[in-house]
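Below is one structure, written out as C-alpha cells; comments come after it.
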Amino acid sequence: MNVVALQTHAPTKMFEERSEHVYFLDPEVASTFVDCVSSHLQAHSFYPSATGSPESAHYVTTLYFDSDTQEVARACEGGAEGVRLRAREYSDHGPEFGIRREPLLWLEVKTRSGANTRKVRFSIPSQDVHTFLHDGVITEPMLQPHSWGQSADVVMHEIADLCLHTVGPLKPDCMAHYRRQAWQDADETLRITLDTELAFHRPPAHLFETGTSLSEAVVEPPIARLGHSLVEIKLRAEQPDWLRELIAEVRLEPALAGRQAFSKFVAASHAVHSI
C-alpha cells in the first residue's frame, strides 16, 4: 500500500471519555431550545471554511463499516457496550455558494460503554481516499504500523482490535446523512448537537473506486427517514443548572430503540438490511 498524506490534527478534549445522552426533540419547541442553548454556548464551526451565514446549513454524511453478517451493528444493538467504525464528511450548503465540501474524509472509531463514549479519529485528504482504502474495505495491510503520527496510529490500533472480533473484512455497510447544529463551551466540557433531516442510505457499489464523495453518494432518495429531531448532550463535567432546567422546560424525551439508546448506526443498518 502507498502511504498517503494523512492529516493528524490534535484531538479535541471532547473526544476523550465523556457521558453522552440522546433525546428526541419536539419540533414545536425546537426554536425555544435553540435560542436558550445559543444564549449560553458558542455556536461551533466544524472547520475554518464554514461561512457562518445564517442562510447556510451544515451537513454531516457518515458511512459505517461492518462485516457481511452485520456483526458490528448486532454487537452495538445487543448490549450496553459497542464499538463502531465510520468515515465522515462535512459540508456546508448555502444559497451564495451551493455545496462546499471539506476536502477531507475523517476515519473514526467510537466506543460506547453505558452512557460513556470516547472517539479517536484522523483525516485523509479526499484525493488520497482511493489509494488508502483500495477496494473500499479495511484490510490487514492497512493495519500495519506506519509513521503517520500518533492520531492515525491510535485509530489503526483500535480498528485492528475491532477486526479481531469480526469474520471477514469490514466493508461500507450503511450511511446516515443529516443537518447538524452544534454548540460547545470554551473549556470543552459541554457539547450539544441538534440533528435534523436524518435520512439513511445504502452505499453505492465501489464507492471509493469511483472517487465519489460521501455527500455525492446520498443524492438519491433515502431508504428511510427519522421523523424526530435528535439532541445529543456530551458532558465532561457536571450538567449546568440552566441545561437541566431547559431539558425539563422543552420536555426532552430520552431517545430509545427498545431498551437501548437510539443509535444512528443501528438505525441505518436496520434500514439498509430490512431488519
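What you see is a predicted model, and the numbers here were worked out from it, not measured in a lab.
For CZ of Arg225, the number of neighbouring non-hydrogen atoms (other residues, nucleotides, ligands) closer than 6.0 Å is 12 at most. The local environment of CD in Gln42 is sparse, with at most 12 non-hydrogen atoms from other residues, nucleotides or ligands closer than 6.0 Å.
Relative to the ring axis of Trp106, Arg88 does not place its NZ or CZ within 45° and under 6.0 Å from the centre.
When side chains are defined from C-beta on, His177 does not count as touching Val60, because their heavy atoms never get closer than 4.5 Å. Residues Leu105 and Leu63 fail the side-chain proximity criterion, which asks for heavy atoms closer than 4.5 Å.
With sequence neighbours excluded, the residues forming a side-chain hydrogen bond (donor to acceptor under 3.5 Å, both in side chains) with Arg86 are Glu108, listed by chain and number. Phe200 meets the ring pair (Phe, Tyr, Trp, His ring centres under 6.0 Å) test with no other residue; sequence neighbours excluded. Checked against salt bridge (charged side-chain N to carboxylate O under 4.0 Å, His left out), Asp26 has no partners two or more places apart in sequence or in another chain. Listed by chain and residue number, nothing satisfies the ring pair (Phe, Tyr, Trp, His ring centres under 6.0 Å) test with His201 (two or more places apart in sequence, or in another chain). In this structure Asp35 satisfies the salt bridge (charged side-chain N to carboxylate O under 4.0 Å, His left out) test with no other residue, sequence neighbours excluded. Partners of His40 according to the ring pair (Phe, Tyr, Trp, His ring centres under 6.0 Å) rule, which considers only residues two or more places apart in sequence or in another chain, are Trp242.
The pair Lys171-Asp68 counts as a salt bridge, with a side-chain nitrogen and a carboxylate oxygen less than 4.0 angstrom apart. By the 4.0 Å N-to-carboxylate-O rule, Glu232 lies close enough to Arg180 to be salt-bridged with it. A salt bridge does not link Arg202 with Asp173: none of the charged nitrogens is closer than 4.0 Å to a carboxylate oxygen. Salt bridge status for Arg118 with Glu158: present, with a side-chain N to carboxylate O gap under 4.0 Å. A salt bridge links Arg18 with Glu20: at least one charged nitrogen is closer than 4.0 Å to a carboxylate oxygen.
Between Phe33 and Trp183, the ring planes lie perpendicular to each other; the angle is over 60°, past the 30° to 60° tilted range.
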For Ile247 and Tyr23, run side-chain contact (heavy atoms from CB on, under 4.5 Å): C-alpha distance rounded to whole Å, both residues' side-chain angles, the deciding distance at 0.1 Å, then the answer. CA-CA 9 Å; Ile247 291 173; Tyr23 300 89; 4.0 Å; yes
Can Glu89 and Thr61 be said to form a side-chain hydrogen bond (donor to acceptor under 3.5 Å, both in side chains), step by step? CA-CA 5 Å; Glu89 179 185 281; Thr61 308; 5.0 Å; no
Apply side-chain contact (heavy atoms from CB on, under 4.5 Å) to the pair Phe265 and Cys174, showing each step before the final yes or no. CA-CA 8 Å; Phe265 170 36; Cys174 54; 4.0 Å; yes
Hey, mind stepping through Gln181 and Asp195 against side-chain contact (heavy atoms from CB on, under 4.5 Å) and telling me if it holds? CA-CA 7 Å; Gln181 293 174 264; Asp195 297 336; over 6 Å; no
As a quick check of understanding, evaluate side-chain contact (heavy atoms from CB on, under 4.5 Å) for Asp161 and Val109, giving each step before the final call. CA-CA 11 Å; Asp161 186 62; Val109 178; over 6 Å; no
Worked check of side-chain hydrogen bond (donor to acceptor under 3.5 Å, both in side chains) between Ser263 and Arg84: CA-CA 11 Å; Ser263 161; Arg84 62 215 68 194; 3.1 Å; yes
Do Glu77 and His270 pass the side-chain hydrogen bond (donor to acceptor under 3.5 Å, both in side chains) test, and can you show the C-alpha distance, the side-chain angles, and the key distance before you say yes or no? CA-CA 10 Å; Glu77 183 181 23; His270 282 198; 3.1 Å; yes
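Asp92 contributes no side-chain N or O that, together with a main-chain N or O of Tyr59, makes up a donor-acceptor pair within less than 3.5 Å. The backbone N or O of Glu216 lies less than 3.5 Å from a partner atom in the side chain of Ser213, making a donor-acceptor pair. Of the possible polar contacts, one joining the Ser126 side chain to the Leu104 backbone as a donor-acceptor pair under 3.5 Å is found.
For the atom pair Lys110 NZ and Thr62 OG1, the distance stands at 10.0 Å (nearest 0.5 Å).
Val29 and Ile233 end up in the same hydrophobic cluster when Ile, Leu, Val, Met, Phe, Trp and Tyr side chains are linked at under 4.5 Å. The hydrophobic clustering, which links ILVMFWY residues whose side-chain heavy atoms are closer than 4.5 Å, places Leu230 and Val37 apart. Phe65 and Val266 are assigned to two separate hydrophobic clusters, defined by single-linkage of ILVMFWY side chains at heavy-atom distances under 4.5 Å. Both Leu243 and Leu252 are part of a single hydrophobic cluster, where members link through side-chain heavy atoms under 4.5 Å apart. Hydrophobic cluster membership is shared by Leu162 and Tyr64, with clusters built from Ile, Leu, Val, Met, Phe, Trp and Tyr side chains linked at under 4.5 angstrom.
The two residues Val83 and Val72 come nearest to each other via the heavy atoms O-CG1, 3.1 Å. The heavy-atom pair separating Ser67 from Val167 by the smallest distance is CB-O, 3.8 Å.
If you check the side chains of Arg179 and Thr196, you find no donor sitting under 3.5 Å from an acceptor. No hydrogens or angles considered: nothing links the side chains of Thr117 and Arg112 as a donor-acceptor pair under 3.5 Å.
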